[in-house]
Undergrad: 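To start, I am sharing the structure in question, which I have written as structure tokens.
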Amino acid sequence: MMVSKRTALVTGASRGIGLAVARRLAAEGFALTLAARRPESLHEAAEELRALGADVTAVPADVSDEAQVEALAGEHLRRHDALDVLALCAGTGSAGVLEDFPVRRWDRQFAVNVRSAFLLVQRLLPALRTAAAAAVAGLSDDHARTATVAGRSDDQAGAAVVAGRRREGP
Ligand SMILES: NC(=O)c1ccc[n+]([C@@H]2O[C@H](COP(=O)([O-])OP(=O)(O)OC[C@H]3O[C@@H](n4cnc5c(N)ncnc54)[C@H](OP(=O)(O)O)[C@@H]3O)[C@@H](O)[C@H]2O)c1
């Protein structure tokens with residue numbers, strides 16, 4: 001019986017936690033779709049994993065942009081027609097005090113860290129539901145659990161939303 005390759009889509013895969021996750025999934029034999037905004041570092045990460053024998057597609061995309069999320073998901077499904085793991089590692093952080101924190105920065109951070117997770121899960125849910133054991137993993141931050149009144153109020157809301165939303169399974 002032919003067993004088809006498991007596939008994963010990893011956002012924020014050009015460096016940091018996302019790249020570490022992609023390396024691990026590649027080592028476990030997953031075919032990968034990698035996303036991040038900057039093409040150079042993304043393609044560099046993809047080349048590194050291909051050199052280890054992984055089947056990798058690199059799709060430059062800003063996950064805060066709905067059209068780019070649609071194109072990213074579409075490209076994964078065009079190549080693989082299934083999805084086993086969605087690793088939501090794209091993220092941005094900036095610290096500040098609540099009273100002075102610019103709302104535009106907060107909106108941007110929420111769009112990248114939280115709204116993008118909604119968009120990707122919504123778009124890819126049908127594919128995840130067809131997998132035998134699908135997983136969706138989102139990154140959060142300790143700030144989700146350790147709210148402070150005086151400072152670092154910037155990313156607590158987003159981290160709490162993502163932490164509360166995490167769940168495994170189709
Ligand atoms: N590192 C830690 O110890 C730690 C601890 C707790 C939580 N976190 C959270 O985990 C997340 C990732 O952390 P990290 O240390 O891996 O960060 P990082 O090294 O800065 O990597 C962020 C990744 O996300 C991508 N990215 C950023 N904005 C994006 C966007 N709008 N669309 C698509 N890709 C985007 C970046 O590539 P481009 O810039 O090319 O897009 C990069 O690949 C962050 O939200 C961070 O707050 C990190």
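Every number for a ligand or one of its atoms is a count from 1 in the order of the listing.
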Undergrad: Answer yes or no: is there a side-chain heavy-atom contact under 4.5 Å between Phe30 and Thr7?
TA: no
Undergrad: Would you mind running through ligand 1 and noting each atom that sits below 4.0 Å from a heavy atom of Ala61?
TA: 32 (N), 33 (C)
Undergrad: Under 4.0 Å from a heavy atom of Thr92: give me the atoms of ligand 1 that qualify, with their elements.
TA: 45 (O)
Undergrad: Closer than 4.0 angstrom: is that true for some heavy atom of Gly12 and an atom of ligand 1?
TA: yes
Undergrad: Which is it for His76 and Arg123 under the side-chain contact (heavy atoms from CB on, under 4.5 Å) test, yes or no, and what are the steps along the way?
TA: CA-CA 11 Å; His76 177 90; Arg123 176 64 178 83; over 6 Å; no
Undergrad: Any idea which of Ala90, Ala45, Ser116 brings a heavy atom closest to atom 35 (C) of ligand 1?
TA: Ala90
Undergrad: Which is closest to atom 12 (C) of ligand 1 by heavy-atom distance: Cys89, Ala13, Ser41, Gly93?
TA: Cys89
Undergrad: Run the numbers for me: atoms of ligand 1, each under 4.0 Å from some heavy atom of Leu139, listed by number.
TA: 10 (O), 11 (C), 12 (C)
Undergrad: Does even one non-hydrogen atom of Ala35 get within less than 4.0 Å of ligand 1?
TA: no
Undergrad: Going by the closest heavy atom to atom 4 (C) of ligand 1, which one wins out of Asp62, Val112, Leu72, Ile17?
TA: Ile17
Undergrad: With a 4.0 Å cut-off on heavy atoms, is Ala20 touching ligand 1?
TA: no
Undergrad: Among Val21, Val59, Leu49, which residue satisfies the side-chain contact (heavy atoms from CB on, under 4.5 Å) criterion with Leu34?
TA: Leu49
Undergrad: Leu128 pairs by side-chain contact (heavy atoms from CB on, under 4.5 Å) with which of Val85, Leu83, Asp84?
TA: Leu83
Undergrad: Do Arg129 and Pro126 have side-chain heavy atoms sitting under 4.5 Å apart?
TA: no
Undergrad: Between Asn113 and Gly93 (side chain of the first, backbone of the second, donor and acceptor by atom type, cut-off under 3.5 Å), is there such a pair?
TA: no
Undergrad: Contact between Leu9 and Leu124 at the side-chain level, heavy atoms closer than 4.5 Å - yes or no?
TA: yes
Undergrad: Are any of the N or O atoms of Arg15 closer than 3.5 Å to those of ligand 1?
TA: yes
Undergrad: Between Arg108, Arg38, Gln68, flag the one that comes closest to atom 39 (O) of ligand 1 by a heavy atom.
TA: Arg38
Undergrad: Between Val121 and Leu86, is there a side-chain heavy-atom distance shorter than 4.5 Å?
TA: yes
Undergrad: Which ligand 1 atoms are under 4.0 Å away from a heavy-atom of Gly91?
TA: 22 (C), 24 (O), 27 (C), 44 (C), 45 (O)
